[in-house]
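The figures here come from the full heavy-atom set of this structure, side chains too, leaving out hydrogens, waters and symmetry mates.
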Amino acid sequence: GAFSCANLQPSITEGNIAYLGNESNPYVVAWKVTDKAQTSYAIKDGCKIIYSSLFRDCTSATSINIPNSVVDIGQSAFTSCSSLSQIVIPEGIESLDNCFNYCGNLTSVTIPDSLVYIHASTFSNCTSLTMKVGDLPGHWVRNSGEAELDDNILLKDLSYPIKRIA
């Protein structure tokens, strides 16, 4: 559901992640990683937004846990997490925008049924990723004009945005 970002302020830092929050939820936005050299990160349950570039250049991270409370992943949120081999995108996420580019060791991405849009460069330079359009849940087309897609196109090779129509 919708929520307001009004009156959010720095609230708490836990597990090397700083959050913006309010009285009712100190974890609304995961907005800053305080130590990018960690191998493992767990975003707190209750977090709604992963801020743009949050984990960018966390090159040692092999594990990043995203709770089911997250409804938005910011642009470049995981860019250049070069040690990350798998990620589970929680149910509720509807759009991915350039958030996993340059994750060279990424081999497994769990895509939720809620996902309806993938930006062209979301998985660019994910050299180890062999997932194809046909591996996605549902039926996908090019975002412009509903042109049919080849199910064998690798996600890392998408040069145009795609959307789910069924």
Does I43 form a side-chain contact (heavy atoms from CB on, under 4.5 Å) with N65? I'd like the steps, not just the answer. CA-CA 6 Å; I43 298 168; N65 182 46; over 6 Å; no

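- Side-chain atoms of K163 never come within 3.5 Å of backbone atoms of Y117 as a donor-acceptor pair (strictly under, hydrogens ignored).
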Is there a side-chain contact (heavy atoms from CB on, under 4.5 Å) between T130 and L155? Walk through the geometry before answering. CA-CA 8 Å; T130 58; L155 294 183; over 6 Å; no

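- In this structure the side chain of P161 never reaches within 4.5 angstrom of the side chain of I118, judged on heavy atoms.
- Put simply, the side chain of K156 never gets that close to the backbone of T122: no donor and acceptor are under 3.5 Å apart.
- Distance alone, capped at 3.5 Å, is enough to place a donor-acceptor pair between the N105 side chain and the S82 backbone.
- Within the 4.5 Å cutoff, the side chain of S40 has no heavy atoms near those of the T62 side chain.
- Looking only at side-chain heavy atoms (C-beta outward), I162 and V141 stay at 4.5 Å or farther from each other.
- No side-chain heavy atom of L20 sits less than 4.5 Å from a side-chain heavy atom of Q9.
- Of the possible polar contacts, one joining the T107 side chain to the S85 backbone as a donor-acceptor pair under 3.5 Å is found.
- Counting only distance, with no hydrogens or angles, the side chain of N25 and the backbone of C47 share no donor-acceptor pair below 3.5 Å.
- The CD1 atom of I93 sits 7.0 Å away from atom OG of S114, with the distance rounded to the nearest 0.5 Å.
- Here the side chains of H119 and L96 are not in contact, with every heavy-atom distance at 4.5 Å or above.
- Side-chain contact check for Y160 versus I153: some heavy-atom pair is nearer than 4.5 Å.
- When all heavy atoms of S80 and T59 are compared, the closest pair comes out as O-CG2, 3.5 Å.
- The number of heavy-atom neighbours closer than 6.0 Å to CD of E91, taken from other residues, nucleotides and ligands shown, is above 12.
- Connection of V70 to L84 is established within a shared hydrophobic cluster, with ILVMFWY side chains joined at heavy-atom distances below 4.5 Å, either directly or through further cluster members.
- Both V33 and I12 are part of a single hydrophobic cluster, where members link through side-chain heavy atoms under 4.5 Å apart.
- Environment of NZ in K32: sparse, with no more than 12 heavy atoms of neighbouring residues, nucleotides or ligands closer than 6.0 Å.
- Nearest heavy atoms, P67 versus D45: CB-OD1, 3.7 Å.
- The hydrophobic cluster containing I66 does not contain V28, counting ILVMFWY residues as joined when their side-chain heavy atoms lie under 4.5 angstrom apart, directly or transitively.
- Atom CG of residue N143 and atom CD1 of residue I165 lie 11.5 Å apart, to the nearest 0.5 angstrom.
- A distance of 9.0 Å separates CG of L154 from CG of D135, quoted to the nearest 0.5 Å.
- Closest heavy-atom contact between I17 and T34: N-OG1, 4.3 Å.
- Within 6.0 Å of OH in Y102 there are 12 or fewer heavy atoms belonging to other residues, nucleotides or ligands.
- Between the side chains of T79 and N101, at least one donor-acceptor pair of N or O atoms lies under 3.5 Å.
- Rounding to the nearest 0.5 angstrom, the gap separating the CZ atom in R164 from the CD atom in E94 is 11.0 Å.
- A heavy-atom distance below 4.5 Å is not found between the side chains of D150 and V133.
- One hydrophobic cluster, built from ILVMFWY side chains closer than 4.5 Å, cannot hold both I73 and I49; they sit in different ones.
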Tell me, with the steps shown, if F55 and K36 meet side-chain contact (heavy atoms from CB on, under 4.5 Å). CA-CA 7 Å; F55 294 103; K36 292 199 171 213; over 6 Å; no

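- Note that CH2 of W31 is 16.0 Å distant from CD1 of I50, once rounded to the nearest 0.5 Å.
- Residues G104 and S128 share a closest heavy-atom pair of O-OG, 2.6 Å.
- Shown here for N98 and S121, the closest heavy-atom pair between the two residues is OD1-CB, 3.1 Å.
- The same ILVMFWY cluster, assembled from side-chain heavy atoms under 4.5 Å apart, contains both M131 and W140.
- Of all heavy-atom pairs spanning S95 and L115, the tightest one is N-CD1, 3.6 Å.
- Between atom OG of residue S76 and atom CZ of residue F100 there is a gap of 11.5 Å, rounded to the nearest 0.5 Å.
- Contact of the Y41 side chain with the C58 side chain is registered, since non-hydrogen atoms from C-beta on lie closer than 4.5 Å.
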